[in-house]
Amino acid sequence: MLYSEKVMDHFEHPRNVGVIEDADGVGEVGNPVCGDIMKMYLKIENDIITDVKFTTFGCGSAIATSSMATELIKGKTIQEALELSNKAVVEALDGLPKRKIHCSVLAEEAIKAALVDYYKRHNLELPVEIRDFNPDADDIDESLPMED
Ligand code: FES
């Protein structure tokens, strides 16, 4: 079986899909190679992630990892969300095929991008974990045949 039961469950019944209209932080990231896009919305009160939702134009693994990632940060502190790695998400899903690991990176980066947005909106100093965050800085092999 290529995908674990947990991956299939979160793909078929994704948690926390949607938009938060009055979100405190919104982050959007994309993967330049597959072209998939992920958008994450956070509601934050007293440093706690009280609500989180996502929308994606992404593959099944992107859906499953985002679903799991939102479950892992909901009700947690900002600090815990900052520390959530794509590795922890993949482990919580009982693994992903190697060539699908980048999809889990999209989920982690979307959360970080939403947190950057939250700190900037509130004119707060960015915590060290996201101070240099730049999801567009990924090395792209320009020799690949790509469309603009
Ligand atoms: Fe692009 Fe999965 S193939 S996020």
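Along the sequence shown, residues carry numbers from 1. Note that ligands are numbered from 1 as they come in the structure, with each ligand's atoms numbered from 1 the same way.
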Between E108 and K87 (salt bridge meaning N to carboxylate O under 4.0 Å), is one present in this structure?
no
Nearer than 2.8 Å to atom 2 (Fe) of ligand 1, the protein contributes N, O or S atoms numbering 2
Suppose we screen for side chain to side chain contact (heavy atoms under 4.5 Å, CB included). Which residues come up paired with I48, at least two apart in sequence or across chains?
T50, T77
S104 versus N86, side-chain donor and acceptor atoms under 3.5 Å
yes
Please indicate whether Q79 has more than 12 foreign heavy atoms, meaning atoms of other residues, nucleotides or ligands, lying under 6.0 Å from its CD.
yes
ring-ring contact (aromatic ring centres under 6.0 Å, His included) partners of H122, counting only residues at least two apart:
Y118
What side-chain donor-acceptor pairs closer than 3.5 Å can you find for residues 10-27, not counting sequence neighbours?
{"from": "H10", "atom 1": "ND1", "to": "S67", "atom 2": "OG", "distance (Å)": "2.6"}
{"from": "R15", "atom 1": "NH1", "to": "D9", "atom 2": "OD2", "distance (Å)": "3.4"}
{"from": "R15", "atom 1": "NH1", "to": "H13", "atom 2": "O", "distance (Å)": "2.7"}
{"from": "R15", "atom 1": "NH2", "to": "D9", "atom 2": "OD2", "distance (Å)": "2.8"}
{"from": "N16", "atom 1": "OD1", "to": "K74", "atom 2": "NZ", "distance (Å)": "3.0"}
{"from": "N16", "atom 1": "ND2", "to": "T70", "atom 2": "OG1", "distance (Å)": "2.8"}
{"from": "N16", "atom 1": "ND2", "to": "E71", "atom 2": "OE2", "distance (Å)": "3.2"}
{"from": "D22", "atom 1": "OD2", "to": "K43", "atom 2": "NZ", "distance (Å)": "3.4"}
{"from": "D24", "atom 1": "OD2", "to": "I44", "atom 2": "N", "distance (Å)": "2.7"}

